[in-house]
Amino acid sequence: MKESEDILKTESQHFIEQTIEKDISEGKNGGRIHTRFPPEPNGYLHIGHAKAICLDFGMAQKYGGMCNLRFDDTNPTKEDVEYVDAIKEDINWLGFTWEEREYYASDYFGRLFDFAVVLIKRGLAYVDDQRAETISEQKGTTTQPGVLSPYRGRSIEENLTLFYRMNEGEFAEGSRVLRAKIDMASPNMHMRDPIIYRILYTPHHRTGTTWKVYPMYDFAHGQSDYFEGITHSLCTLEFEVHRPLYDWFVDQLMDSDYRPRQIEFNRLNLTYTVMSKRKLLELVKDGVVRGWDDPRMPTLCGLRRRGYTPESIRRFVELIGYTKVEAINDVSLLEYAIREDMNKRAPRVFGVLNPLKVIITNYPEEATEEVELVNNPEDETHGTRMVPFGRELYIEQEDFMENPPHKFFRLAPGQEVRLKGAYIVRCESFKKNENGEITEIYCTYDPETRSGGAQADRKVKGTLHWVSAVHCLDAEVRLYDRLFIDEDPSGHKDIDPREYLNPGSLTVLTGCKVEPSLGNASALDKFQFQRLGYFCVDYDSRPGRLVFNRTVSLKDTWAKVNKEEK
RNA sequence: UGUCCCGUGGUGUAAUUGGCAACACGUCUGAUUCUGGAUCAGAAAAGUCUAGGUUCGAGCCCUAGCGGGACAACCA
């Protein structure tokens with residue numbers, strides 16, 4: 001019954017899928033689907049871009065189309081090749097490919113220039129000699145129409161000559177621009193004779209000094225879509241008001257039934273972080289974080305270093321969906337996505353973050369043995385491993401209390417716990433130093449309770465992780481917390497998000513102890529430190545000097561109970 | 001005193017296009033467990049921003065409000 005219901009239940013589609021399917025059914029563009037992902041190479045990609053990437057490439061995949069990678073490199077003053085390579089690496093890492101279709105808006109500078117000439121010849125573009133401030137003033141306001149530029153009536157010949165001369169380097173930057181002649185009274189500010197070409201002498205990272213004039217975004221994007229045969233140009237909501245202009249240029253360009261259309265969706269916002277490239281750049285420049293790939297950054301390289309997998313990011317994007325509602329998504333959903341992924345895949349290991357020495361007084365002095373531990377209880381195929389056990393061990397400081405509260409299931413004087421995979425031990429006594437800090441715990445073990453042994457089924461409340469003191473490896477562990485203490489740090493007018501920085505966003509722990517099997521782990525290897533969370537080997541890690549990043553903690557209901565009782 | 005976009009449990013989304021408001025996360029129970037994790041079973045939680053209208057029937061269509069956002073870069 002339930003199964004048939006599931007089958008009958010039509011899979012729900014978001015509004016972009018619905019639009020695309022409608023276009024297909026109406027036979028638009030011959031039923032062809034072609035999208036593009038168009039980053040500007042002026043910074044690193046962040047998880048907001050991942051949302052766009054999943055859509056652009058995802059729609060192409062789903063509807064048997066193609067997705068181009070196109071660098072929107074129309075502003076040489078802000079762009080650099082450094083970013084081109086990083087962007088490509090991140091897209092590939094996420095699991096998408098543009099095959100051989102790697103394009104640049106700068107590839108179209110010639111065609112764009114020719115198109116501008118066509119517009120001039122049709123009387124639809126003119127050279128304006130006024131300064132930026134004057135043009136801006138004449139634009140009017142959102143409630144008042146603009147005034148016409150005194151240069152608006154120039155002859156076609158004069159416009160043509162001036163535009164060519166602009167590109168020959170005869171005029172200073174800022175002295176002249178080319179504008180489309182549309183409507184200075186339009187309620188849409190973008191239609192009030194938008195600037196389409198400006199003079200720039202900064203060399204371009206790909207075209208060098210070939211060009212002295214560069215097209216503006218609005219004069220490059222739709223046209224590039226058109227040149228590439230893009231059918232669905234998906235972008236974020238803030239470009240909604242640009243759409244009439246996009247369409248206006250396409251109208252001038254069209255010479256067949258083919259036409260690209262722009263569809264806008266909501267940008268990704270995450271709680272407790274900032275997402276704009278500018279603000280992220282400030283964090284890097286100010287040294288608030290260690291770089292673009294700092295594990296606290298929402299950049300893809302940062303998330304990668306933190307231990308996030310491409311699968312978890314794609315899953316998160318799938319969970320939040322695409323709408324036109326401006327929402328702020330909870331980071332805890334992103335954390336859910338990585339936990340869900342790692343739970344199935346990450347090998348379980350023992351790591352002790354804040355070690356406390358335990359001595360098993362009735363265990364033979366020099367003896368050592370190996371116990372067998374399951375690598376992943378969620379997946380038998382991961383097998384088992386042998387972990388050394390001995391008389392002296394380390395457990396977590398948190399796992400012992402001299403005066404335990406009610407319902408504390410761990411070690412305390414007279415209380416019993418299981419050391420996972422090994423024996424049940426009872427705390428008999430402990431030692432304190434002159435500061436009153438507990439330095440050593442003395443336990444006895446019950447040899448019959450070894451896992452798999454005669455008394456193994458004896459029930460105790462708690463199970464602890466541990467490492468053997470003589471065998472374990474030292475490690476540094478970096479714990480991360482949210483970068484900001486405010487849910488929406490950039491959502492307050494006139495307040496700099498940096499006012500809300502979390503001073504405790506990074507905690508570096510040294511002298512942590514991990515089991516010996518971790519000795520040859522390499523960068524980005526991922527593990528579950530049992531009872532603690534998911535951890536990932538950092539790029540800084542070296543044999544003999546291991547460094548781990550905590551990706552995310554395990555859900556900790558004990559911590560919650562504790563907090564509530566406080 | 002403009003134009004455009006958007007208002008559905010705490011959060012994010014869905015509702016077969018006008019037919020009993022569903023799913024996920026989170027929360028709370030209980031079972032189970034050699035991870036206080038995971039897993040399994042169950043529960044609470046919105047009557048769809050407001051007021052009208054059309055209709056047998058409105059989250060969906062219409063009107064008017066209210067609230068939020070985008071737009072006046074030689075940025076993208």
Exercise for the section: For the pair A:Asp330 and A:Ser332, evaluate side chain to side chain donor-acceptor pair (under 3.5 Å) and give the outcome as yes or no after the intermediate values. Expected result: CA-CA 5 Å; A:Asp330 205 326; A:Ser332 50; 2.8 Å; yes

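Residue contacts for A:Glu378: at a heavy-atom cut-off of 4.0 Å it reaches a base atom on one of the strands shown. No engagement by A:Gly146 is indicated, since no non-hydrogen atom pair under 4.0 Å with the nucleic acid exists. A:Arg192 comes within contact range of no nucleotide atom at all, as no heavy-atom separation falls under 4.0 Å. Across all strands shown, A:Phe408 has heavy atoms under 4.0 Å from base atoms, whether or not it also approaches the sugar-phosphate. Residue A:Gly321 is out of contact with every strand shown, counting any heavy-atom pair closer than 4.0 Å. Using a 4.0 Å heavy-atom cutoff across all strands shown, A:Ala327 reaches sugar-phosphate atoms only and no base atom. Here A:Pro377 lies in heavy-atom contact (under 4.0 Å) with a base. Among the protein residues, A:Glu133 comes within range of no part of the nucleic acid, since none of its heavy atoms lies under 4.0 Å from any strand. Across all strands, A:Leu419 comes closer than 4.0 Å to no nucleic acid atom at all (heavy-atom distances).
Proximity of A:Gln18 to the phosphate of B:A15: a side-chain N or O atom is located under 4.0 Å from OP1 or OP2. OP1 or OP2 of B:A76 lies within a sub-4.0 Å distance of a side-chain N or O belonging to A:Thr74. Here A:Arg345 does not reach the OP1 or OP2 of B:A38: none of its side-chain N or O atoms lies under 4.0 Å away.
By the side-chain contact (heavy atoms from CB on, under 4.5 Å) test, A:Val147 pairs with A:Gln138, sequence neighbours left out. With sequence neighbours excluded, the residues that form a salt bridge (Lys or Arg N to Asp or Glu O under 4.0 Å) with A:Glu238 are A:Arg267. In this structure A:Glu378 satisfies the side-chain contact (heavy atoms from CB on, under 4.5 Å) test together with A:Asn343, A:Arg348, A:Asn376, sequence neighbours excluded. In this structure, the side-chain hydrogen bond (donor to acceptor under 3.5 Å, both in side chains) partners of A:Arg345, at least two apart in sequence or on a different chain, are A:Glu311, A:Asp341. For the salt bridge (Lys or Arg N to Asp or Glu O under 4.0 Å) test, no residue two or more places apart in sequence or in another chain qualifies with A:Arg314. A:Phe171 is linked by a side-chain contact (heavy atoms from CB on, under 4.5 Å) to A:Leu162, A:Arg165, A:Met166, A:Ser175, A:Arg176, A:Ile199, counting only residues two or more places apart in sequence or in another chain.
Within residues 262-282 of chain A, the residues that place at least one heavy atom under 4.0 Å from RNA chain B are, in residue-number order, A:Asn266. Contacts of residues 312-320 of chain A with RNA chain B (heavy atom under 4.0 Å): A:Leu319, A:Ile320.
One donor-acceptor pair, N or O on each side, does fall under 3.5 Å between the base of B:A76 and the side chain of A:His242. No hydrogens or angles were tested; on distance alone, a donor-acceptor pair under 3.5 Å links the side chain of A:Gln528 to the base of B:U35.
Cation-pi geometry between A:Arg70 and A:Tyr104 is not met at under 6.0 angstrom from the ring centre and within 45 degrees of the axis.
Screening A:Arg152, A:Lys139, A:Lys181 for a salt bridge (charged side-chain N to carboxylate O under 4.0 Å, His left out) involving A:Asp193 leaves a single residue, A:Arg152.
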Which pairs, protein N/O on one side and nucleotides 26-33 of chain B N/O on the other, fall under 3.5 Å?
from  : atom 1 : to       : atom 2 : distance (Å)
B:G26 : OP1    : A:Lys555 : NZ     : 3.3
B:U27 : OP1    : A:Lys560 : NZ     : 3.2
B:C28 : OP2    : A:Lys560 : NZ     : 3.1

Check the interface with nucleotides 1-8 of chain B: list each N/O to N/O pair with the protein under 3.5 Å, or write none.
from : atom 1 : to       : atom 2 : distance (Å)
B:G2 : N3     : A:Thr142 : O      : 3.1

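Counting only heavy atoms from C-beta on, A:Leu333 has its side chain closest to B:C25 among B:U35, B:C25, B:A76. Distances from the side chain of A:Ile135 to the nucleotides B:G12, B:C74, B:G36 place B:C74 closest. Here the nucleotide nearest the side chain of A:Lys139, chosen from B:G12, B:U11, B:C74, is B:C74. Looking at the side chain of A:Asn75, the nearest of the listed nucleotides B:A73, B:U35, B:C75 is B:C75.
Between A:His190 and A:His242, the ring planes lie tilted relative to each other; the angle falls in the 30° to 60° range. Between A:Phe113 and A:Trp211, the ring planes are tilted. Angles from 30° to 60° get that label.
Here A:Tyr217 does not lie in a stacked arrangement on the base of B:A76, lacking the combination of planes under 30° and ring centres under 5.5 Å apart.
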Ignoring hydrogens and angles, write down the donor-acceptor pairs under 3.5 Å from the side chains of residues 74-84 of chain A, residues two or more places apart or on other chains.
from    : atom 1 : to      : atom 2 : distance (Å)
A:Asn75 : OD1    : A:Thr77 : N      : 3.2
A:Asn75 : OD1    : A:Thr77 : OG1    : 2.6
A:Glu79 : OE1    : A:Asn75 : N      : 3.4
A:Glu79 : OE2    : A:Asn75 : N      : 3.1
A:Asp80 : OD1    : A:Glu82 : N      : 2.9
A:Glu82 : OE2    : A:Tyr44 : OH     : 3.0

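A:Arg418 contributes a side-chain N or O that, together with a main-chain N or O of A:Ala456, makes up a donor-acceptor pair within less than 3.5 Å.
For the pair A:Val352/A:His465, a side-chain contact is recorded, criterion being any heavy-atom separation below 4.5 Å from C-beta on.
Close placement of the A:Phe227 and A:Tyr108 rings is indicated, their centers lying within 6.0 Å of each other. A:Phe529 and A:Phe350 have their aromatic ring centers separated by at least 6.0 angstrom. Note: A:Phe239 and A:Tyr246 fail the aromatic proximity criterion, with ring centroids not under 6.0 Å apart.
Comparing A:Tyr197 and A:His190 by the nucleotide of RNA chain B that holds the closest heavy atom to each, the one mapping nearer the 5' end is A:His190. Position along RNA chain B of the nearest nucleotide to A:Glu79 versus A:Ala559 favours A:Ala559 as the more 5'-ward residue.
Consecutive Watson-Crick or G-U pairs involving RNA chain B, each under 3.5 Å on both distances, make up stems of three or more pairs at B:2-7 with B:66-71, B:10-13 with B:22-25, B:27-31 with B:39-43, B:49-53 with B:61-65.
In this structure, A:Thr271 OG1 and A:Asn329 CG are separated by 8.0 Å, a value rounded to the nearest 0.5 Å.
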